[in-house]
Amino acid sequence: SNTGGGTLSFSYTGAQGAHTFYARATDAVGNVQASPGTQASTTIDSVSPGGSTATSASLIGPSLTAFSVSVSYSDATSGATKIDLYQRVYYPYTGAFSLQQTQTFAASTSGTRTFGYTPTDSAGMGGNWYDFYAVVTDAAGNTYTTGSARVTWDNNGPGCSITTAV
């Protein structure tokens, strides 16, 4: 209640999701504003999105020069808006995860984003393991870290030798 003009404020604790508010004025003699005044909207979202990471191949060799990493996501409240893809390379068993690619997009409640990836042999070992995971961010800033997916790249050919006994 406000009896002299000015600003009226209130607090609201509601359920997850979108909420719209409006005010209607009533004067001292009981006249009520015919239509709502300016509307205000807000979304309450304290729930993290969900997601998973998958690769187009689990074992690749010399004939495959690229593969894809897919991240599936869901967020029923405000919608996912960004995916950060992280990758770790083992040479073997070394290396920390590092950010490789980011996709930012209009808020969406579910979907799949695909990242292209080309392996490199910077250590000269003829192959590596690549682990990937993603961080999904929704429009409210909540995040979810997916499990990881691994691709093994073997660029070394098999070897054998023949030994003869005399």
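Along the sequence shown, the residues carry numbers beginning at 1. Nothing here was measured: the structure is a model prediction, and the numbers come from that model.
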Smallest separation among heavy atoms of [X] and [Y], with atom names:
X      : Y      : value
Ala80  : Val136 : CB-CG1, 3.9 Å
Ser78  : Ala107 : O-CB, 3.6 Å
Ser41  : Thr20  : OG-OG1, 3.4 Å
Thr118 : Ala66  : OG1-CB, 3.9 Å

*Is there a donor in the side chain of Ser98 and an acceptor in the side chain of Gln100, or the other way round, less than 3.5 Å apart?*
yes
Nearest-0.5 Å distance, [atom1] of residue [X] to [atom2] of residue [Y]:
X     : Y      : atom1 : atom2 : result
Ile83 : Gln101 : CD1   : CD    : 11.5 Å
Gln39 : Phe21  : CD    : CZ    : 11.0 Å
Leu99 : Leu85  : CG    : CG    : 8.0 Å
Thr13 : Ile44  : OG1   : CD1   : 7.0 Å
Ser48 : Asp75  : OG    : CG    : 8.5 Å

Can you sort out the partners of [X] under side chain to side chain contact (heavy atoms under 4.5 Å, CB included), two or more places apart, ordered by chain and number?
X      : value
Ser68  : Ser56, Thr114
Thr145 : Tyr133, Val135
Thr109 : none
Ser58  : none

Can you name the side chain to side chain donor-acceptor pair (under 3.5 Å) partners of [X], sequence neighbours left out?
X      : answer
Thr112 : Ser72
Thr137 : none
Thr104 : none
Thr102 : Asp84

*Tell me the salt bridge (charged side-chain N to carboxylate O under 4.0 Å, His left out) pairs involving residues 129-145, sequence neighbours left out?*
Arg88-Asp131, Asp131-Arg150
_Suppose the criterion is salt bridge (charged side-chain N to carboxylate O under 4.0 Å, His left out): which pairs have a residue in residues 40-55, not counting sequence neighbours?_
none
*I would like to know whether Gln87 and Phe97 meet side-chain contact (heavy atoms from CB on, under 4.5 Å); could you show each step before the answer?*
CA-CA 5 Å; Gln87 171 247 322; Phe97 279 100; 5.6 Å; no
_For a side-chain contact (heavy atoms from CB on, under 4.5 Å) check, start with the C-alpha distance between Ser108 and Tyr73, then their side-chain angles and the critical distance, and finish with the verdict._
CA-CA 9 Å; Ser108 173; Tyr73 62 88; 3.3 Å; yes
*Test log, rule side-chain contact (heavy atoms from CB on, under 4.5 Å), inputs Val32 and Arg24*: CA-CA 7 Å; Val32 178; Arg24 287 182 20 174; 3.2 Å; yes
*Could you tell me which residues satisfy ring pair (Phe, Tyr, Trp, His ring centres under 6.0 Å) with Phe115, sequence neighbours excluded, listed by chain and number?*
none
*By ring pair (Phe, Tyr, Trp, His ring centres under 6.0 Å) - contacts of Phe132 (at least two apart)*: Phe67, Tyr117
_Any donor-acceptor pair under 3.5 Å from Gln16 side chain to Ser46 backbone_ = yes
_Please check this pair: side chain of Thr146 against backbone of Ala134, looking for a donor-acceptor N/O pair closer than 3.5 Å._
yes
*Assess whether side-chain contact (heavy atoms from CB on, under 4.5 Å) is satisfied between Thr26 and Asn31, documenting all intermediate values.*
CA-CA 5 Å; Thr26 303; Asn31 297 314; over 6 Å; no
